[in-house]
Protein chains: 2
Amino acid sequence: MKTAESLTTIRFDGESVVYLDQRRLPLHEHLVHARTVDDFVEAIASLGVRGAPAIGIFGAYGVALLAQQASNEERLRQDAARIRAARPTAVNLGWAVDRVLAAPDKLAEARAIHHEQIEVDRRLAHTALELFPRDAAVFTHCNTGPIATGGGGTALGAIIHAAAAGRRLRVFVGETRPLLQGARLTMFELRRAGVEATLVVDSAAAAVMQQKKIDLIIVGADRIARNGDTANKIGTYGLAIAAAHHRIPFYVAAPRSSFDLALADGRAIPIEERSAEEVTASGANVYNPAFDITPGHLITAFVTEYGVLRPPYAESLPELVTCPSITVLMAAAGT
Amino acid sequence: MKTAESLTTIRFDGESVVYLDQRRLPLHEHLVHARTVDDFVEAIASLGVRGAPAIGIFGAYGVALLAQQASNEERLRQDAARIRAARPTAVNLGWAVDRVLAAPDKLAEARAIHHEQIEVDRRLAHTALELFPRDAAVFTHCNTGPIATGGGGTALGAIIHAAAAGRRLRVFVGETRPLLQGARLTMFELRRAGVEATLVVDSAAAAVMQQKKIDLIIVGADRIARNGDTANKIGTYGLAIAAAHHRIPFYVAAPRSSFDLALADGRAIPIEERSAEEVTASGANVYNPAFDITPGHLITAFVTEYGVLRPPYAESLPELVTCPSITVLMAAAGT
């Protein structure tokens with residue numbers, strides 16, 4: 001996966017956390033240094049860094065950096081709480097911030113989260129390979145590649161890996177309004193990876209399924225409840241309905257850190273509403289939810305670093321908590 | 001319907017056909033004079049004038065104007081053929097051009113088409129009223145208001161009329177990528193009509209249906225086959241699938257001139273593919289169909305100037321040909 005190796009997405013340099021500014025892609029590959037709690041909150045809230053796993057890693061490094069500067073424990077807790085609250089929907093951010101806060105060596109813990117994500121993405125992509133036919137037309141939405149995770153990517157990582165493994169793919173990408181993560185980021189990552197891709201407006205997805213013999217749809221997730229209800233980028237729910245209508249398998253690729261098994265179903269997942277200005281400068285009344293909830297019953301399977309999880313999710317998802325940690329697996333595998 | 005009266009959309013002034021340039025709305029209410037066959041073809045192809053009934057009226061006036069200038073019948077036929085081919089999907093354009101070409105008094109025929117459309121839209125909006133509950137959340141897509149028809153509008157005309165008739169409406173509008181007819185034109189027309197409206201990105205439609213208790217969806221059409229298969233703005237098919245999933249009535253509002261009863265089903269409707277540049281300036285590979293085909297079985301009913309047509313469409317749609325013409329009805333009603 002050459003993309004993962006050739007682009008710096010998030011890096012700790014001792015005095016700051018360096019990130020690739022996703023707002024300026026694909027026109028500019030611009031690196032920014034985050035040093036203060038305001039820098040971290042702003043970068044996450046304005047989508048300079050986005051993607052559920054990536055904001056987890058970025059938040060983790062942020063807390064580690066601020067711990068070096070903090071005058072006392074209380075101040076660090078306040079800063080961490082602000083980073084934690086910068087975006088509400090993805091569970092990874094809170095999970096990573098809390099993990100670093102609780103660790104004695106905070107920088108080591110942030111580095112561990114980052115390294116684990118790289119391994120998680122690698123395993124997830126290998127797991128996903130069995131889902132791709134030899135010749136496959138694939139549809140994806142938003143961006144779930146290396147820049148969204150700090151590793152090789154989740155759903156898009158699986159696509160890029162399948163192409164590298166010899167699958168002949170035709171990939172269709174929804175542009176993902178309002179902020180065009182599909183058009184700007186996914187098309188950019190697929191081009192870098194040498195994978196043939198076609199961009200469509202989001203509303204063309206159903207027509208593409210009808211006409212282009214789509215074999216599978218694969219997307220990422222920001223938070224998954226115990227029954228499989230999944231929060232992901234706005235538009236995911238409509239794709240899942242259209243996939244069911246066309247009897248196309250609909251897969252969600254996500255690491256264990258995106259599962260929030262404390263939640264019985266999707267109703268308890270907070271959905272971030274963003275500003276009208278992202279959609280229009282006209283001053284019109286706008287409803288701009290950044291995410292929607294796809295009910296578990298519309299999802300064919302979840303692809304994780306531990307394998308493919310199939311319905312009934314009330315049984316298969318809770319098994320995730322019994323899996324050994326990636327660190328243990330890496331040690332066992334000598335990686 | 002004050003919008004219909006307060007905006008010039010298409011007007012014959014003796015030496016040119018004046019049209020409101022829809023490319024520049026809502027920022028500029030700019031009137032343009034079309035005089036040559038190139039002017040007419042360019043205005044239609046580049047969506048200066050758009051909306052199936054509106055391009056029919058505009059093409060009709062265009063042929064009438066060119067008939068005044070044409071040196072011979074053959075030249076006029078060639079010009080008319082170019083106008084007819086400027087956009088392939090909507091059936092109204094070819095229908096109107098052919099009707100004017102065949103008429104002895106071409107200008108009178110073009111004016112008749114225009115006046116009939118105004119009456120057709122009025123009757124269609126009255127027919128649609130029975131479909132609106134007293135308090136209703138309504139979803140619509142693209143633009144089907146006065147500027148799309150040269151009359152009061154079809155689907156959006158029905159919404160505006162229902163509001164004027166006292167229905168309490170909350171209207172949700174899909175922005176309609178790539179050219180944003182929903183955001184630019186429908187929001188503009190609803191604001192002028194004083195109807196409360198909320199704009200969403202197209203991919204949020206399913207989430208809006210899930211969350212906002214949508215009572216009905218109503219859209220227009222560019223061409224309808226004998227079995228009810230309907231070509232309309234890209235995105236319509238996905239809306240219809242999501243509507244069926246949520247058991248929300250899905251209505252298509254269209255005048256008789258949009259029905260192409262010679263076609264057995266939607267497979268024979270030509271779908272216009274437009275340029276990649278409408279979607280992105282990045283040079284990426286793009287698939288940009290302007291329309292999709294919604295199968296008749298996903299459509300709850302058609303709303304026409306002759307009444308509401310319900311399934312089975314193979315029986316109800318062919319009855320349209322037996323209806324008296326609007327001219328006859330207008331004469332009978334003394335209007």
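Each chain gets a letter, A, B and so on, in the order its sequence line appears, and its residues count up from 1.
- Shortest non-hydrogen contact noted between P270(A) and P88(A) is CG-O, 3.4 Å.
- Using a 4.0 Å cut-off between charged nitrogen and carboxylate oxygen, R177(B) and D202(B) do not count as a salt-bridge pair.
- Note: H246(B) leads H246(B), E196(B), M187(B) in heavy-atom pairs under 4.5 Å with chain A.
- Annotation: cation-pi geometry not satisfied between K212(B) and F139(B) (NZ/CZ under 6.0 angstrom from ring centroid, within 45° of ring axis).
- Interface residue T280(A): only side-chain heavy atoms are found under 4.5 Å from chain B.
- Contacts between A204(B) and chain A at a heavy-atom distance below 4.5 Å involve backbone atoms as well as side-chain atoms.
- If you measure heavy-atom distances from L190(A) to chain B, you find no contacts under 4.5 Å at all.
- In this structure, the portion of Q211(A) lying under 4.5 Å from any heavy atom of chain B is its side chain and not its backbone.
- For A197(A), the part lying under 4.5 angstrom from a heavy atom of chain B is the backbone only.
- One finds a salt bridge joining R192(B) and E29(B) here, because a Lys/Arg side-chain nitrogen approaches an Asp/Glu carboxylate oxygen to under 4.0 Å.
- Classified by interplanar angle (parallel below 30°, tilted 30° to 60°, perpendicular above 60°), the ring pair H297(A)/H245(B) is parallel.
- Relative to the six-membered ring of F291(B), K233(B) meets both conditions, a distance below 6.0 Å and an angle of at most 45° to the axis.
- For the options D292(B), I271(B), T198(B), heavy-atom pairs under 4.5 Å to chain A are most numerous at T198(B).
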